[in-house]
Amino acid sequence: MARDLKYTRNIGIAAHIDAGKTTTTERILFFSGVNHKLGETHEGGATTDWMEQEQERGITITSAAVTVDWNYRNDRYHVNIIDTPGHVDFTVEVNRSLRVLDGLVFLFSAVDGVEPQSETNWRLANNYNVPRLGFVNKMDRSGADFLNVCRQVKDMLGSTAIALQLPIGAEDAFEGVVDLVAWKAIVWNEKDKGLTFREVPIPEDMLEECNEYREKLLEAVAEFDETETLMEKYFEDPTSITEDEILVALRAATISGKIVPMLCGSSFKNKGVQALLDYVMAILPSPLDNGAIEGIDPRTDEPAERQPSVDGPFAGLAFKIATDPFVGRLCFVRAYSGKLPAGSYVHNTRSGNKERISRIFQMHANKQNQIDELLAGDIAAVVGFKDIRTGDTLCAEGFPIVLESMDFPDPVIGLAIEPKTQADTDRLSIGLNKLSEEDPTFKVKSDHETGQTIIEGMGELHLEIIVDRLKREFKVEVNQGAPQVSYREAINSGIEHREVYKKQSGGRGKFADILVRISPQEDPLKTGLEFINSIKGGNIPREFIPSVEKGFKDSMKNGVLAGYPMDAYKVELLDGSFHAVDSDSLSFEVAAKMAYREALKKCNPVLLEPIMKLEVLTPEENMGDIVGDLNRRRGMMRGMDDRAGSKVVKADVPLSEMFGYVTQLRTLSSGRASSTMEFSHFAEAPSNVAAAVVAKVNGKVNA
């Protein structure tokens with residue numbers, strides 16, 4: 001039976017590492033009646049951290065989906081929740097989850113506030129225009145400051161953060177909240193560890209502050225009141241404004257992205273989670289609020305759309321592939337319109353093939369509940385398919401549509417691996433294929449010169465987890481080399497170059513003649529090849545020109561300096577000639593590849609190295625040693641801040657200098673400093689570094 005989409009919520013939980021995402025998800029499962037006991041992350045008992053590696057390390061590695069029902073104001077809501085990782089190496093999980101979610105609960109630590117990964121995830125949410133609700137967690141911790149975090153969200157993330165609650169007490173004395181919308185106070189009962197609460201009068205000493213922040217709330221949402229009565233009442237008699245009037249305006253303001261409502265609590269102490277869930281239902285959008293999903297009709301290349309209704313043709317987006325030991329390959333699908341019954345077929349617009357969907361599961365972390373059909377607005381996992389990849393659009397046959405896919409960052413670090421025994425070779429290949437299918441930021445390639453298998457990922461932890469999964473899930477033991485940096489190549493100057501390809505070997509020969517201008521790409525945002533066709537008068541027949549472009553594009557995989565990929569450049573085809581008999585597409589492709597190899601050597605080729613954005617949180621007394629160490633690692637200081645009584649050092653540092661940094665940082669600070677690092681950009685490597693890398697690649701130095 002189709003449920004009313006008004007009562008469906010698809011939300012994610014995102015934050016910096018260790019802000020309490022998984023603990024909050026656990027409390028949601030408990031309070032909604034799905035779990036009957038509380039699972040703790042630090043004890044390895046959290047439902048959504050089901051992988052062995054997650055339980056051992058106490059971190060989230062893969063996003064997990066759970067489904068709960070929640071009663072709010074006598075209505076029953078159906079909620080799909082995705083708990084995403086906080087660690088920068090697994091940002092891909094946040095990226096693909098945000099693509100299919102309608103709303104987001106963004107967690108902040110009341111002590112640490114806005115942290116580096118908070119900024120990264122916030123930018124991703126901005127890219128996908130996902131409305132969000134802020135939840136300031138860990139209010140029971142020493143140094144907790146709710147209003148300070150609200151200020152940081154405003155200043156550092158450029159958002160209008162509006163407090164919907166004010167905490168009663170903080171740190172050890174955190175006992176309740178004043179709800180500024182309902183204008184009431186609640187206090188949690190300590191006897192049952194915060195599982196229940198009672199209403200109390202608003203504390204006298206907080207009335208002035210509460211009035212001030214309620215005024216700010218009303219001011220912020222008044223412009224979103226369609227009836228315009230809110231502003232009138234606000235000036236005439238603020239006490240006459242009802243809770244419902246505020247909620248309607250607040251919802252409109254949140255969905256439009258104009259404000260970010262802020263709540264507070266302590267998930268670990270069971271405080272504030274029920275109110276958070278109520279506000280998710282009241283404020284965050286349903287699939288209906290987001291309206292029709294837009295795409296392209298592949299038959300006409302014209303815009304097309306699908307309404308969020310079970311009555312239309314089916315359209316869904318595959319956003320994650322996973323492998324389950326019991327049911328095999330799972331594909332997570334967000335359905336935007338129509339319905340997909342188990343046992344039916346869907347059309348994959350990327351491959352053009354039909355896929356049979358044998359079974360459909362509602363996911364509960366790593367457990368599945370089988371359902372009969374996937375309905376518009378819902379998220380579920382399907383099995384039985386042959387060839388579906390992350391980002392594929394699945395639709396009803398006869399009603400094709402291509403939905404916007406997802407962009408994933410390129411890997412920045414590589415590792416050479418080989419199976420320990422010959423018997424492991426096949427299993428290694430199967431394991432790597434499955435893992436790269438699951439994770440679009442994990443790449444596998446072969447080094448043709450050495451015959452080694454190179455795995456590439458987003459960081460040392462990412463590759464460490466991959467090797468660990470090979471061992472546990474696929475029973476493959478591997479030897480691994482030292483981590484390798486994924487460099488890029490670029491050119492700094494341009495040149496005009498003529499390339500003539502002639503080959504005569506009896507019978508029909510080969511002939512192609514091209515004149516090209518090769519130059520650097522001026523636009524820093526453009527990557528890849530920019531190809532300009534300036535041929536006049538048919539000197540080269542039109543059908544051969546795509547082959548010239550293909551030759552230059554294929555060549556980019558190997559730069560002329562050290563064989564690293566070319567990042568970006570421009571090629572303009574100026575002139576050329578052809579032979580009526582001997583010329584063909586392949587000849588022009590070969591000529592382009594020869595021109596690439598010859599001309600680029602004269603274009604001042606340079607090596608680009610990945611630069612990482614580093615933040616170090618350190619006690620003040622260790623700051624001098626840490627800054628000195630970063631200078632030795634060719635770090636460029638970007639500034640220093642204060643946070644929660646500690647110093648924050650910000651720097652851009654080349655990845656090649658950062659292997660083993662965490663261990664060194666512990667040594668320098670006696671284990672008191674911590675760091676976070678994420679990829680920032682590629683920059684030209686100094687000549688001595690570039691020379692060493694090129695020499696190593698060319699075999700002049702022992703690796």
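Residues: numbered from 1 along the sequence shown. This is a predicted model, so every value here is computed, not measured.
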Taking [X] for the side chain and [Y] for the main chain, is one N or O donor matched with an acceptor at less than 3.5 Å?
X: E473; Y: L470; answer: no
X: K443; Y: P440; answer: yes
X: S436; Y: L432; answer: yes
X: S266; Y: M139; answer: no
X: N348; Y: L394; answer: no
X: R9; Y: L284; answer: yes
X: S358; Y: V383; answer: yes
X: T393; Y: T349; answer: no
X: Q307; Y: G312; answer: no

Give the minimum heavy-atom separation between [X] and [Y], together with the two atoms involved.
X: T390; Y: E437; answer: OG1-O, 4.1 Å
X: A282; Y: Y72; answer: CB-OH, 3.3 Å
X: L5; Y: P308; answer: CD1-O, 3.1 Å
X: F135; Y: K271; answer: CZ-O, 4.3 Å
X: P285; Y: G103; answer: CD-CA, 4.4 Å
X: L375; Y: A335; answer: O-CB, 3.4 Å

For atom [atom1] of [X], is the number of surrounding heavy atoms from other residues, nucleotides or ligands below 6.0 Å larger than 12?
X: F399; atom1: CZ; value: no
X: E397; atom1: CD; value: yes
X: K258; atom1: NZ; value: no
X: D69; atom1: CG; value: yes
X: R389; atom1: CZ; value: no

Within-4.5 Å side-chain heavy-atom neighbours: [X] and [Y]:
X: V333; Y: L374; value: yes
X: F106; Y: L133; value: no
X: D424; Y: F474; value: no
X: I259; Y: L250; value: yes
X: K354; Y: V346; value: no

### Query
Any side-chain hydrogen bond (donor to acceptor under 3.5 Å, both in side chains) pairs touching residues 277-291, not counting sequence neighbours?
W70-D278, D102-N290, D179-Y279, R251-D289, S286-D289

[Y] and [X] side chains, donor-acceptor separation under 3.5 Å:
X: E26; Y: T23; result: no
X: S351; Y: D387; result: no
X: D439; Y: T441; result: yes
X: R132; Y: N126; result: yes
X: R27; Y: N270; result: yes

Atom pair [atom1] ([X]) and [atom2] ([Y]), whose distance is rounded to the nearest 0.5 Å:
X: R329; Y: K386; atom1: CZ; atom2: NZ; value: 10.5 Å
X: R99; Y: L124; atom1: CZ; atom2: CG; value: 13.5 Å
X: L330; Y: R359; atom1: CG; atom2: CZ; value: 9.0 Å
X: L288; Y: K6; atom1: CG; atom2: NZ; value: 9.0 Å
X: L403; Y: I296; atom1: CG; atom2: CD1; value: 10.0 Å
X: E243; Y: I246; atom1: CD; atom2: CD1; value: 7.5 Å

### Query
Between E464 and R469, is there a side-chain N and carboxylate O pair less than 4.0 Å apart?
no

### Task
State plainly whether the residues K445 and E456 are in salt-bridge range, i.e. N to O under 4.0 Å.
yes

### Task
Assess whether side chain to side chain contact (heavy atoms under 4.5 Å, CB included) is satisfied between I82 and N80, documenting all intermediate values.
CA-CA 7 Å; I82 297 185; N80 293 308; 6.0 Å; no

### Query
Under the 6.0 Å and 45° cation-pi test, does R334 pair with Y336?
yes

### Message
Applying side chain to side chain contact (heavy atoms under 4.5 Å, CB included) to I379 and T67, what does each step give before you reach the verdict?
### Response
CA-CA 9 Å; I379 292 174; T67 306; over 6 Å; no

### side-chain hydrogen bond (donor to acceptor under 3.5 Å, both in side chains) involving Y345 - partner list, sequence neighbours excluded
none

#### Entry: Criterion side chain to side chain contact (heavy atoms under 4.5 Å, CB included) on I81 and I28, from CA distance to verdict
CA-CA 9 Å; I81 301 169; I28 290 171; 3.5 Å; yes

### Task
With side chain to side chain contact (heavy atoms under 4.5 Å, CB included) as the test, would you mind laying out the steps for I162 and T160 before giving the verdict?
CA-CA 6 Å; I162 298 292; T160 310; 4.1 Å; yes

### Message
Before you tell me yes or no, could you show the steps for D244 and R73 under salt bridge (charged side-chain N to carboxylate O under 4.0 Å, His left out), namely the whole-Å CA-CA distance, both residues' side-chain angles and the distance that decides it to 0.1 Å?
### Response
CA-CA 11 Å; D244 285 355; R73 292 188 162 192; 2.7 Å; yes

### Message
Working note: H347 + N353, criterion side-chain hydrogen bond (donor to acceptor under 3.5 Å, both in side chains); need CA distance, chi angles, decisive distance, verdict.
### Response
CA-CA 6 Å; H347 176 72; N353 296 331; over 6 Å; no

